[in-house]
Amino acid sequence: MTHTQQREGELRAAARHFDRRRFLTVTGAAAALAFAVNLPAAGAASAAELNPARITENPFTLGVASGDPLPRSVVLWTRLAPRPFEPDSGLPRERVAVHWELAHDERFGRTVRRGKVTAHPEYQHSVHVEIDQLDSDRVYFYRFRAGDWTSPVGRTRTAPAAGARISELTLAAVSCQAYHDGYFTAYGHLAQEDVDVVFHLGDYLYEYAVNATGGARAYTYRRLPAVFNRETITLEDYRLRYALYKSDPDLQAAHAAHPFVVTWDDHETENNYAGEIPENDVPPEEFLLRRAAAYRAYWENQPLRRPQQPEGPDMRLYRRLRFGRLAQFDILDTRQYRSNQAYGDGWQVPGPESEDPSRTMTGATQERWLLDGWHDSRALWNVLPQQVVFAERRNVPTADFKLSMDSWDGYPASRQRLLDGAAAAGVENLMVLTGDVHVGYGLDIKADHRDPASRTLGTEIVATSIASGKDGADRPANYDALTQANPHMKFYNGRRGYVTVALGLDSARADFRTVSAVTTPGAPVVTAGSYVTEAGNPGLKPA
C-alpha cells in the first residue's frame, strides 16, 4: 500500500463518522481531525517548554514574512524548522519561546518594540505576531530569536492613516508558483523592486508531486526527499510542501523585502475544487477533512491575523484593507463558497446551466460584504484582488466560441451582480487584480463584452505565474485567436514574472515584468508592456 492510499484510507475512516453539520462545530472538527489537526492545550495540560539550549541547528530555515498592513499595525511571521524536510521539522513536541524585535533601522540601533511569543508544536512551531500602536505609513525592520539563533532581517511597512491624502502607492501582484515547473527567479527581482505591498493571488503551492530532482528545475547537485514525490492529502503532507516552497531563497527574499497580502485559489487544496465539491470522486466528508488540513497548513505558513485562523474546514479569508483615501482593497475568496462549475468544468459553450442566475462565485454573504464595502468606500481606487479571470474571454473569434467554466465566465450572473453593485455604489475606478492563468493580460471590463463600443466599467490586470507553465513564450500559440476574439484584451504575454501597479491621483500604471526562463536560474527581468488607465476614465492605453 502506498503512502497516499494509506492516508486516503485514514481520511475515509474518519469521514464516515462525521456529517457536515457535526463537522462544522469546533468540537466535531477537533474530534474528526484528532489524528492531525489539534489545538494547543491550556494550563497544566499544555506541552512542556523546550530548553533553548537544545536547539543546535538553525531554526529559521524558512525565513520571515510580514503581511496585512494596517495604519498602526502589521503581522509578523516565522516558523521554526531546523530540519524542514522532516515531518516534525527537527523539533520535539514542546513549546518554544521566540523573541521578536521591531526597529526603525535594519541594524536595530533604534528599537521600537520587542516581545516574546510561544511557538506551539500544534501549529508546527509557526508564530504570528500582531504588533499594534505603530506609526502609520512607516517602514520598520524586524527579526526573531530562538535560543542562540537569530533570524534574517525582514522589512515591512504600515498602511497610511485612514483619512490620509496620499498621492501614490505601488503594489505588486503575483500568483501561481509551481515548484516543479521552475525556479522562482521572478521573486529575486521582485525583492529589489520599490513596492509598498505585494498581493499574492493564489496557487502559492501545488498539491502535485515533486520528484527528487525538483521536476523542471532538474537538480544535479541535490536530491529532494521522497516525502515530496506524492500528492498532498494530509496535514503532514501540506506542511511539508510549504516547507519545500518556503525553502526557496528567492521566495524568502521577496517575503523579507515586502509585506504580503495573500489569498488562495485551488491548488493550495486541490485543483479546481468548488466549495465542498472536490475535483475527484470522493465523499464530501472526506474532502472536507482534506480541506481542513489544507486550510490549517495555509494559515500556519502565511502572515495572517487571528480572524483568519480556520475552524475545521472553514476559514474566512476575504477581508478589506485601506491605504488612506487613495485605495481600498477588497480581497476575495472565490473558491470556498462558489457553486460547482457548469457543464463539468473546462472550456464549454455557455448556456442555461452556466447562465443560471442563482449561481454564485462568492457566496451570498461575501457578495453582500463586498457591495456594502463599496457603498462605504471613500477611496479613489477600488481594487479587487482575487483569483480567476473576471472579464469575458472567448477562445476563438467565431460564433462557436467557448468560455472557461472555472472563471467568472462560468458565473456571469454573479459577475453582473458585482458590476451592478459597483455602479450603484458610485465606484468610478474599479480595478480587478487576477492570477490563475499563467499569462499576463491587460483587459478592459465592458458593460457588454460582446459589444466593443459598450461602456468601459473598469480594468483588469492579470499577473502571470511565477513559475507555473515553465518558461512560456511572449506570444503563446493562441495569441492571435484570443486577441482577435476579445478586442477588450489590450495586452497578452505568456512569460513568467509579476506585475507592478502604481496608483496615483490622476492615473494608474501597470508594468508587466517578465523573465525569459525559469527552467534555468538567473534570467534577467524586463518590462514586457506598460499600460495606464486614467482616474475617472477607465480603459487601458499603452504608457
Side-chain angles (χ1 to χ4, degrees), residues 155 168-179 181-204 248-262 327 329 381 383 385-387 389 431-443 459-476 479 483 489-504 507-533 540-543:
R155 177 185 179 276
E168 59 182 359
L169 168 71
T170 302
L171 63 91
V174 297
S175 71
C176 303
Q177 50 199 54
Y179 187 98
D181 271 359
Y183 290 89
F184 295 167
T185 305
Y187 271 133
H189 294 296
L190 178 56
Q192 303 302 316
E193 296 267 13
D194 183 15
V195 301
D196 299 299
V197 62
V198 176
F199 287 87
H200 198 294
L201 305 171
D203 294 343
Y204 191 95
D248 184 275
D250 289 322
L251 176 57
Q252 287 191 21
H255 270 301
H258 313 298
F260 270 56
V261 177
V262 299
F329 297 95
W381 298 95
V383 185
Q386 56 93 54
Q387 294 75 19
V389 175
M431 177 178 290
V432 179
L433 298 180
T434 300
D436 181 57
V437 288
H438 310 167
V439 296
Y441 292 138
L443 296 153
T459 56
E460 181 173 13
I461 305 299
V462 180
T464 186
S465 63
I466 290 291
S468 304
K470 301 179 183 177
D471 292 337
D474 288 318
R475 287 200 169 202
Y479 181 90
T483 53
M489 182 179 288
K490 306 302 180 182
F491 174 79
Y492 179 17
N493 182 279
R495 292 290 187 188
R496 308 297 141 241
Y498 53 92
V499 61
T500 63
V501 180
L503 301 175
S507 64
R509 174 183 173 124
D511 291 309
F512 294 88
R513 305 277 280 159
T514 62
V515 295
S516 58
V518 294
T519 53
T520 54
V525 66
V526 299
T527 300
S530 298
Y531 290 78
V532 296
T533 178
L540 290 170
K541 305 175 182 65

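Residue numbers count from 1 along this sequence.
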Is any side-chain heavy atom of [X] less than 4.5 Å from a side-chain heavy atom of [Y]?
X: D436; Y: V389; answer: no
X: V261; Y: L171; answer: no
X: L201; Y: P385; answer: yes
X: D194; Y: T170; answer: no
X: V499; Y: L433; answer: no

With a 3.5 Å distance limit and no angle check, can you tell me whether [X] reaches the backbone of [Y] through a side-chain donor-acceptor pair?
X: H189; Y: Y498; result: no
X: D474; Y: N493; result: no
X: R495; Y: V515; result: no
X: W381; Y: G504; result: yes

Search all heavy atoms of [X] against all heavy atoms of [Y] and return the closest pair with its distance.
X: H258; Y: L190; answer: NE2-O, 2.9 Å
X: L169; Y: A327; answer: CD2-CB, 4.1 Å
X: A186; Y: I466; answer: CB-CD1, 3.9 Å
X: A173; Y: A463; answer: O-CB, 3.5 Å
X: T464; Y: G440; answer: CB-N, 3.6 Å
X: A467; Y: D181; answer: O-CB, 3.3 Å

Quiz prompt | Audit row: Q386, T434, side-chain hydrogen bond (donor to acceptor under 3.5 Å, both in side chains) steps and yes/no | solution = CA-CA 5 Å; Q386 56 93 54; T434 300; 2.7 Å; yes

Nearest-0.5 Å distance that lies between atom [atom1] in [X] and atom [atom2] in [Y]:
X: T459; Y: K541; atom1: OG1; atom2: NZ; value: 10.0 Å
X: Q252; Y: Y187; atom1: CD; atom2: OH; value: 12.5 Å
X: T500; Y: D196; atom1: OG1; atom2: CG; value: 11.5 Å
X: F329; Y: L503; atom1: CZ; atom2: CG; value: 5.5 Å

Quiz item: What residues form a ring-ring contact (aromatic ring centres under 6.0 Å, His included) with H200, not counting sequence neighbours?
Solution: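 Listed in chain order: Y204.
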
Practice problem: Please list, chain by chain and in numerical order, all residues satisfying ring-ring contact (aromatic ring centres under 6.0 Å, His included) with Y492, sequence neighbours excluded. | Solution: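 Y492 satisfies ring-ring contact (aromatic ring centres under 6.0 Å, His included) with Y441, Y479 only.
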
Counterpart residues, side-chain contact (heavy atoms from CB on, under 4.5 Å), relative to [X] (two or more places apart):
X: S465; value: C176, H438, S468, R496
X: A191; value: A253, A257
X: D248; value: F184, R217, D250, L251

Can you give me every donor-acceptor pair (side chain of residues 517-531, partner residue at least two apart or in another chain, under 3.5 Å) with its distance?
unit_1 : atom_1 : unit_2 : atom_2 : d
T519   : OG1    : D471   : OD1    : 3.1
T519   : OG1    : D471   : OD2    : 2.8
T527   : OG1    : R513   : NH1    : 2.9
S530   : OG     : R509   : NH2    : 3.3
S530   : OG     : D511   : OD1    : 2.4
Y531   : OH     : K490   : O      : 3.2

Quiz item: Going through the checks in order, is the side-chain contact (heavy atoms from CB on, under 4.5 Å) test met by F491 and V462?
Solution: CA-CA 10 Å; F491 174 79; V462 180; over 6 Å; no

